[in-house]
Amino acid sequence: MIIFDTETTSLNSKSGQIAQLSYIKINENNNVEFAKNFYFTVDHIEPGASKVNGLTEELLKKLSNNKTFEDFSDEIYKDFSDETKIIAHNIEFDMKFLLEELKRLDKDIDIFNEKEYICTMQHYTNILNIEHSYYGVKFPKLDEVVSYLKIKHEDISTETNKIFGSEGVTYHD
C-alpha cells in the first residue's frame, strides 16, 4: 500500500499543479519499504495556496533543483500503479491532482480504476463526530485526527525524519 500527500498550487486540479508529493510504501508485514518526497518547479502558485503550504515558486525551484513533475513521472507512475491500495487524508483531492498530472503526460490512468482507496478524513468523520457550525458533522483536519489518536507532533517529526532519512522534515511533510 502507498500512503501519500500532496501540496498543490491551487484548489483546481485542472489548472493547478502538484508542488510537493510525499509517499511511503508499506509492505504486507506493515513495514516501510521505501519513502519518497518530491518538490517540483511549478508555473505559478496561488497566494492562498502558498499561505497554506508555505511554498513559493522561488522556494520550489530551489528545493526541486529546477525539476518538474514530468522529470519524476515515470518513477511516480510505477510506484503508484504497482500498488493495489492507496491511502490519503482527503484522498479525492489528492488523487484528482495526481491523475491530472499523469494525464497531462499521456500516462494510462485507467489502471487507477482498479485500486482500493482509503480516505482517513472520511474514516474519522463519524468517529470524531466534530460538529460543524452550519451543518451536522464536519470533516476532521489531519491535526484533529492526530490529537484524537494522542500522537505527539514531536513523535511524528522524529519518525518522519527516520523514515525519509533527512533532517528538517516538518510535521506537515
Side-chain angles (χ1 to χ4, degrees), residues 1-26 32-83 85-113 115 117-122 139-146 153 156-157 159-173:
M1 80 180 86
I2 281 192
I3 304 168
F4 82 110
D5 187 34
T6 64
E7 297 306 325
T8 63
T9 62
S10 74
L11 295 175
N12 185 328
S13 62
K14 299 285 186 202
S15 60
Q17 296 173 276
I18 296 176
Q20 180 184 11
L21 172 65
S22 299
Y23 56 93
I24 61 174
K25 178 184 175 11
I26 307 293
V32 175
E33 195 168 305
F34 61 75
K36 297 182 181 180
N37 182 41
F38 300 97
Y39 291 98
F40 308 112
T41 295
V42 296
D43 299 329
H44 172 74
I45 187 163
E46 291 182 6
S50 185
K51 186 175 179 182
V52 169
N53 60 35
L55 300 171
T56 63
E57 292 164 38
E58 296 76 27
L59 180 60
L60 287 168
K61 281 182 185 180
K62 181 180 173 191
L63 293 171
S64 70
N65 212 13
N66 281 325
K67 302 276 187 189
T68 65
F69 184 90
E70 184 174 9
D71 293 316
F72 299 100
S73 63
D74 289 341
E75 178 181 355
I76 293 165
Y77 183 78
K78 180 176 180 354
D79 289 345
F80 277 80
S81 61
D82 285 349
E83 290 307 310
K85 189 180 292 185
I86 301 175
I87 302 169
H89 194 78
N90 194 3
I91 197 164
E92 187 177 323
F93 178 85
D94 290 333
M95 281 306 300
K96 277 183 187 177
F97 271 88
L98 182 60
L99 294 176
E100 193 61 41
E101 289 278 14
L102 293 170
K103 193 165 64 172
R104 286 180 195 133
L105 299 170
D106 294 323
K107 302 285 187 192
D108 177 16
I109 62 170
D110 289 339
I111 62 165
F112 289 92
N113 294 333
K115 307 290 182 198
Y117 296 99
I118 298 170
C119 180
T120 56
M121 182 182 74
Q122 294 282 339
F139 292 126
K141 296 177 183 174
L142 186 56
D143 202 41
E144 292 168 329
V145 173
V146 167
H153 287 202
I156 293 172
S157 293
E159 194 64 22
T160 302
N161 283 324
K162 186 173 100 182
I163 290 170
F164 284 92
S166 64
E167 290 295 320
V169 179
T170 67
Y171 164 72
H172 193 69
D173 297 318

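For reference, positions follow the sequence shown, starting with 1.
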Q: Go through the steps for Gln20 and Asn53 under the test side-chain contact (heavy atoms from CB on, under 4.5 Å), then give the verdict.
A: CA-CA 9 Å; Gln20 180 184 11; Asn53 60 35; over 6 Å; no
Which pairs of donor and acceptor atoms, one on a side chain in residues 89-97, lie under 3.5 Å apart (sequence neighbours left out)?
{"from": "His89", "atom 1": "ND1", "to": "Thr120", "atom 2": "OG1", "distance (Å)": "2.7"}
{"from": "His89", "atom 1": "ND1", "to": "Met121", "atom 2": "N", "distance (Å)": "3.3"}
{"from": "His89", "atom 1": "NE2", "to": "Pro140", "atom 2": "O", "distance (Å)": "2.9"}
{"from": "His89", "atom 1": "NE2", "to": "Leu142", "atom 2": "N", "distance (Å)": "3.3"}
{"from": "Asp94", "atom 1": "OD1", "to": "Thr6", "atom 2": "OG1", "distance (Å)": "2.5"}

Q) Out of curiosity, Leu59 CG to Leu55 CG, how far, rounded to the nearest 0.5 Å? A) 6.0 Å
Q. Looking only at heavy atoms, what is the nearest atom pair of Leu105 and Ser73, with distance?
A. CD1-CB, 3.4 Å
(Q) Please list all pairs meeting salt bridge (Lys or Arg N to Asp or Glu O under 4.0 Å) that have one or both residues in residues 54-69, counting only residues at least two apart or in different chains. (A) none
Q | Note: Lys78-Glu75 ion pair, threshold 4.0 Å (strictly below) | A | no
Q | Atom pair CD1 (Ile2) and CD (Glu83), whose distance is rounded to the nearest 0.5 Å | A | 5.0 Å
Q.
For the CD1 atom of Ile76 and the CD atom of Glu70, what is their distance to the nearest 0.5 Å?
A. 11.0 Å
**Q.** Heavy-atom closest pair, residues Phe40 and Ile18
**A.** CD1-O, 3.3 Å
(Q) What verdict does the side-chain contact (heavy atoms from CB on, under 4.5 Å) test give for Phe80 and Leu99, after you've listed the backbone C-alpha separation in whole Å, the side-chain angles of each residue and the deciding distance to 0.1 Å? (A) CA-CA 11 Å; Phe80 277 80; Leu99 294 176; over 6 Å; no
Q. Is there a donor-acceptor pair closer than 3.5 Å between any side-chain N or O of Asp71 and the backbone N or O of Thr68?
A. yes
Q: Search all heavy atoms of Ile87 against all heavy atoms of Met1 and return the closest pair with its distance.
A: CD1-SD, 3.3 Å
Q | Interatomic distance, Phe34 atom CZ to Ile24 atom CD1 [nearest 0.5 angstrom] | A | 10.0 Å
Q.
Could you measure the distance from the CD1 atom of Ile156 to the CG atom of Asp143? Nearest 0.5 Å is fine.
A. 8.0 Å
**Q.** CD1 (Ile118) with more than 12 external heavy atoms under 6.0 Å
**A.** yes
Q) Which atoms form the tightest heavy-atom contact between Ala19 and Thr9, and what is the distance? A) CB-CG2, 4.3 Å
Q. Closest heavy-atom contact between Ser10 and Gly16?
A. OG-CA, 3.4 Å
Q: Under the side-chain contact (heavy atoms from CB on, under 4.5 Å) rule, what do Leu102 and Phe69 come out as? Steps first, then yes or no, please.
A: CA-CA 9 Å; Leu102 293 170; Phe69 184 90; 3.9 Å; yes
**Q.** Worked check of side-chain contact (heavy atoms from CB on, under 4.5 Å) between Asp74 and Lys107
**A.** CA-CA 9 Å; Asp74 289 341; Lys107 302 285 187 192; 2.3 Å; yes
Q: Drop me the distance from Ile111's CD1 to Tyr77's OH, to the nearest 0.5 angstrom.
A: 3.5 Å
Q: Decide, yes or no, whether a salt bridge links Lys14 with Glu100 under the criterion of side-chain N to carboxylate O below 4.0 Å.
A: yes
**Q.** By side chain to side chain contact (heavy atoms under 4.5 Å, CB included) - contacts of Lys141 (at least two apart)
**A.** Lys138, Glu144
Q. Taking all atoms of both residues into account, what is the closest heavy-atom pair of Thr41 and Leu60, and its distance?
A. OG1-O, 4.0 Å
Q | Lys25 vs Asp79 side-chain heavy atoms within contact, under 4.5 Å | A | no
